[in-house]
Every structure is written in C-alpha cells, then in structure tokens.
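A quick write-up on the structure given underneath.
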Amino acid sequence: MTQFNDLNLDPKVLKAIAEAGYETPTPIQAGAIPPALEGRDVLGIAQTGTGKTASFTLPMITLLGRGRARARMPRSLVLCPTRELAAQVAENFDTYAKHTKLTKALLIGGVSFKEQDALIDKGVDVLIATPGRLLDHFERGKLLLTGVQIMVVDEADRMLDMGFIPDIERIFGLTPFTRQTLFFSATMAPEIERITNTFLSNPEKIEVARAATTGENIKQGVVMFRASRKDREGSEKRALLRRLIDAEGESCTNAIIFCNRKMDVDAVAKSLKKHGYNAEPIHGDLDQSQRTRTLDGFRAGEVKILVASDVAARGLDVPAVSHVFNFDVPSHAEDYVHRIGRTGRAGRKGSAIMICNPRDEKNLEDVERLVQNTIPRLEDPKGAKPAPAEAPVAEAANEEERPRRTRSRTRSRSRDEARPEDKSAAAAEPKAEAKPAPKAETKPQPKAETKPEPKAEAKPEAKTEPKPEAEPKPAAEPASEPKRGEARGNDRNRGGRDRRRNEARDEDVVGMGEDTPAFIAKSFEERRAS
DNA sequence: AAAAAAC
C-alpha cells in the first residue's frame with residue numbers, strides 16, 4: 001500500500017505529516033497528490049471526511065517550497081464557500097507547512113481589512129479566501145492575482161448552490177492562463193461540468209466513493225411528530241428534542257443539532273440553554289468572532305451541543321461527534337447526507353436522529369429515496385402526548401417563540417458564569433417545565449423500534465401548475481414614496497413642496513388600487529384630527 | 001423556503 005513516504009513530497013512536509021501521526025494517505029490523497037506534484041490539473045470528486053483538504057495542501061506546500069512571495073502578488077489561491085471552511089484550510093496549512101517558511105493569509109469577511117491588507121502587502125505564498133472578500137480586496141486595488149501559479153476551488157458544488165459561480169469565473173479570469181488548477185466537488189452537476197471544461201486543462205480525474213453514504217456505522221432514526229396545536233408547535237418540538245437527547249443518555253457525548261432556519265437555531269439553542277443543556281448556536285447571522293469562538297469551544301469539548309444551520313452541514317471538520325439531531329428534515333435531500341456525515345466519522349459509531357412533522361413528510365420521502373433506504377421510525381421516548389394543560393400564555397412568556405436577535409448577537413461575557421454547567425443543573429431548576437402532566441414513566445423507552453416500511457416509489461416529479469395570475473399588481477414604490485415625507489417627519493421634506501405633493505396625492509393615489517384604506521388618502525393633519 | 005457570502 002502507498003505510504004506518504006512513497007509520494008514525492010517535500011521532506012519537511014513528510015516530517016510534519018509524521019508528527020501529525022499519519023502514515024497512509026486516503027484514496028483521494030493517493031490519487032490527487034502525484035498528478036498535482038507533476039503540475040497537472042486535478043479534478044477531485046470527493047466529499048469531506050475523505051481527506052480532501054490535505055490532498056491539495058500537501059502538494060501545494062511542496063510545489064511552493066522554492067521561490068519567494070512578492071508584495072501583493074500571492075503565488076497560490078484557495079477558494080472556499082464558507083468562512084469556517086476557509087479557516088479550516090488555513091489551519092491545515094499551518095499544520096503541514098510548519099517546517100517551511102511559507103507565508104499565508106486568510107481573507108474572509110466579518111473581520112477587519114487591516115491585518116489582511118498588511119499581510120498581502122508583505123507578500124504571501126498562499127491566499128485562502130471566500131470569494132466575496134477576495135474580490136473586495138481586488139477591487140480596492142490591494143491585490144494582484146497575476147502571480148497565482150496554483151489555484152484551488154474547494155467544495156465547488158456548494159459554491160454553485162450559493163450562487164458563487166459567477167465570482168469564481170471572474171476570479172479564474174484574473175489569474176494567469178498558465179496556472180495549475182486543483183478543483184474539488186462532491187458532485188458533478190452540469191454547471192460544474194461546464195466550469196471544469198472551461199477552466200481545467202486535461203485534468204487528472206479522481207473520484208472516490210461517497211464518504212458517508214449514510215454509512216452502516218451510523219444508526220439512523222426518525223420520529224414522526226405532530227403538534228397538538230399550531231401555536232405550540234415550536235415548544236412541543238423543542239420538548240421532544242430534549243426527550244430525544246435525554247433518551248440517548250451517556251452515549252451522547254456531544255452533538256450537532258441542525259435546523260433549517262436561523263430563527264430556529266436561535267430558538268432551539270436558547271431553549272436548550274434555559275433547560276440547562278450546554279448548547280451554543282452557530283449560523284451566518286452571528287458575529288464572526290462568536291462563530292469562531294463557538295466552534296473552537298465545540299472542538300475543545302467545552303460546548304457539548306452545537307445548534308447549527310447548514311453553515312455547518314458540509315466541510316466542517318468536527319471530530320468525533322456522537323450524535324446528529326435533525327430538528328427539521330432538510331429540504332435538500334443531499335443535505336441529509338452531509339448533515340449526518342458529521343457523525344460516525346473514521347469508522348466510529350454515530351447516531352442520527354431526526355424529527356419529522358407532517359409538513360416535512362414530502363422532504364422525508366425525498367431523503368429516503370436518495371439514501372435508498374427507509375429510515376427506521378422511532379417512538380417518542382416518553383410516548384406521552386404533549387401536556388394539554390400547558391398554557392400558551394405561560395409558554396409564550398417562558399419560551400419566547402421569537403428570538404430577539406439583538407440580544408443573542410451582543411451576548412455579554414457574563415453568560416459564561418450564568419450558564420448552568422450541565423444537565424444535572426436542569427433537574428434542580430425550579431420551573432424547568434411547569435407541566436401538570438402525569439409523570440408516570442420514569443424510564444425512557446428503548447428507542448429504535450424499527451418498522452421497515454415499503455420503500456416509497458419514485459413519483460413523477462413536481463407537476464408545475466401555473467398559478468392563476470392574480471390581479472395585476474401596481475408597483476408599490478409610488479405609494480410608499482409620498483408617505484415617507486410625513487411618516488418620518490423628515491425636516492428636509494417639510495414645507496410647500498411637500499404639501500403640494502400631499503394635495504396632488506388626494507386625487508391620484510397610486511399603488512393600492514381599489515383597496516386603499518381611506519385614511520391613507522388623508523393628509524397627516526387630517527389623520528391626527530380624526 | 002432557506003442558508004451562505006461583501007461593505
């Protein structure tokens with residue numbers, strides 16, 4: 001079997017690999033490193049968890065070993081879809097380039113330009129970036145990409161999902177024609193195929209088996225859930241989630257909970273914390289500093305439960321997660337594979353438990369069709385119906401259905417002291433859930449009752465019924481325009497000119513047609529008078 | 001329908 005030592009890597013790189021404890025390359029590494037070292041273009045079709053990152057960092061470090069960076073002209077460029085992923089690639093470089101003198105800069109949004117600019121000015125060998133921030137630097141004239149000898153596109157299919165492909169094409173155009181390109185994607189969508197045909201020249205194609213095609217080492221299950229009432233859906237679902245977590249007991253050492261919406265990420269994280277679980281949220285609306293802090297904490301084991309949007313579904317390397325909970329069925333079936341691929345890595349055992357409400361059943365079908373398996377149905381661990389006595393009023397006050405964004409963003413430092421350390425604190429918490437529900441069952445039911453159901457047959461896809469066109473809607477602009485002056489009381493707009501406009505508007509109110517409420521047509525003064 | 005990424 002091929003060993004790293006058999007590959008033609010720089011001895012300094014080999015030393016770092018050995019120190020990191022690796023001997024044998026993964027299939028993608030064994031396949032991609034030799035052609036990359038020969039200077040060939042590489043098209044790698046592989047998912048995360050396959051050792052993809054090192055398959056380009058190791059040859060890059062070797063190839064860049066000679067030569068030195070010039071100011072503002074990086075010699076290589078790695079593009080990643082998310083900030084976390086870029087940061088992870090940067091860490092990988094740190095690990096394997098530690099015996100070399102190579103320099104790098106990480107260009108991602110959410111942090112100040114200043115340090116990034118300073119590094120670029122000095123000259124870097126490796127630039128690792130998200131597309132938006134990279135182009136931002138370029139447009140400010142701080143960066144020349146004409147010196148790029150090696151360009152890497154990581155997670156190209158995700159770039160496609162996120163609408164980055166035009167940016168990627170533009171960046172390709174800014175780099176020299178003679179560059180070497182290493183291109184990675186988990187799938188080969190037609191659009192990806194087009195890009196590779198355009199920008200890669202005679203690439204060596206390496207395809208490795210999907211890493212976590214819902215591997216056998218991942219125990220999967222889904223709980224069908226229906227809220228007792230629409231307005232209790234959120235809180236009942238969160239209560240079910242807690243029962244599911246509790247039922248896993250000690251075996252759940254750490255977990256990622258995926259939600260489809262950022263709002264739910266906030267709500268779930270907040271609710272779990274309130275009930276004494278060690279949980280933190282991560283999604284794209286949070287400060288970069290908090291995202292980084294949370295992820296570091298989770299990696300270090302200080303945070304046990306990461307509540308995440310799909311920002312964390314792909315690519316993020318979080319070693320040894322015992323459990324993945326899907327609070328929602330992902331609406332893109334392939335995201336299910338990515339999400340549960342966060343557990344059961346490197347042959348370890350993992351559990352993936354999902355909640356499915358009636359609205360999500362269609363998505364569940366899609367997921368089961370994709371993984372070509374029926375996901376075992378699980379019982380609600382307590383089997384109990386949601387307590388009917390739970391008053392919605394108290395609920396609203398306690399649970400806060402709507403997360404207050406400003407609060408969660410500017411979280412104070414003192415939260416660390418305030419946070420209960422573990423769940424045992426929850427037991428002692430006085431009003432954890434003031435349900436008068438009969439607490440008959442003390443033992444969690446054994447879960448994983450598997451009812452293999454007949455596989456859902458592929459249905460003819462999505463009939464697209466043309467929507468009956470509604471009444472032609474007049475543009476909203478003109479209606480809001482005159483309102484602005486009076487509603488905001490903008491000083492500049494006061495005076496004769498504005499008054500004339502108000503008078504004119506009495507006749508021709510544009511924008512709401514027949515349905516204009518009478519008061520809209522009145523002047524501000526008239527409204528106050530009435 | 002939503003998430004991610006640029007100020």
Side-chain angles (χ1 to χ4, degrees), chain A residues 48 77-89 105-117 120 127-143 153-171 174 185-186 233-234 256-269 281-292 294-295 306-316 326-339 342 356-367 403 405 462 464 467:
Chain A
T48 33
L77 172 62
V78 181
L79 291 171
C80 304
T82 68
R83 298 170 185 173
E84 277 77 11
L85 212 44
Q88 203 171 282
V89 170
L106 177 62
L107 304 190
I108 57 173
V111 292
S112 96
F113 280 91
K114 218 173 167 187
E115 297 160 45
Q116 297 178 356
D117 276 341
I120 295 170
L127 207 55
I128 303 149
T130 45
R133 182 54 75 100
L134 181 85
L135 286 171
D136 212 340
H137 277 283
F138 178 79
E139 275 157 16
R140 291 152 34 113
K142 295 285 182 185
L143 187 59
V153 179
D154 197 9
E155 303 257 337
D157 53 339
R158 186 144 192 230
M159 301 258 200
L160 175 68
D161 288 348
M162 291 165 63
F164 280 154
I165 292 301
D167 287 347
I168 299 300
E169 290 188 78
R170 179 161 171 227
I171 294 165
L174 300 173
S185 183
E233 182 176 322
I256 306 181
I257 298 169
F258 285 105
C259 305
N260 287 0
R261 279 167 293 267
K262 290 183 275 202
M263 206 191 74
D264 288 326
V265 169
D266 286 331
V268 168
I282 186 165
H283 61 68
D285 276 355
L286 298 170
D287 288 349
Q288 188 56 42
S289 61
Q290 195 189 336
R291 279 163 69 168
T292 307
T294 298
L295 205 53
L306 189 68
V307 189
S309 69
D310 277 321
V311 69
R314 303 194 204 184
L316 279 198
N326 279 304
F327 188 71
D328 305 297
V329 180
S331 43
H332 283 310
E334 64 270 26
D335 282 337
Y336 179 76
V337 180
H338 291 295
R339 287 181 179 186
R342 307 291 94 200
C356 176
N357 64 19
R359 224 184 8 261
D360 284 344
E361 275 167 25
K362 177 81 181 67
N363 288 335
L364 180 60
E365 276 177 36
D366 291 344
V367 168
R405 175 159 288 159
T464 47
K467 273 186 203 159

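- With sequence neighbours excluded, the residues forming a side chain to side chain donor-acceptor pair (under 3.5 Å) with A/Asp335 are A/Arg314, listed by chain and number.
- Evaluation of the side-chain contact (heavy atoms from CB on, under 4.5 Å) rule for A/Pro358 yields A/Arg226, A/Glu361 as partners, not counting sequence neighbours.
- A search for side-chain contact (heavy atoms from CB on, under 4.5 Å) contacts involving A/Ser112 returns A/Lys114, A/Glu115, not counting sequence neighbours.
- Every residue was checked against the ring pair (Phe, Tyr, Trp, His ring centres under 6.0 Å) condition with A/His332, not counting sequence neighbours, and none meets it.
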Nucleic acid footprint by protein, nucleotides 2-7 of chain B - heavy-atom cut-off 4.0 Å, B for base, S for sugar-phosphate alone
BSBBBS
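- Checked against side-chain contact (heavy atoms from CB on, under 4.5 Å), A/Ala333 has the following partners two or more places apart in sequence or in another chain: A/Asp366, A/Val367, A/Leu370.
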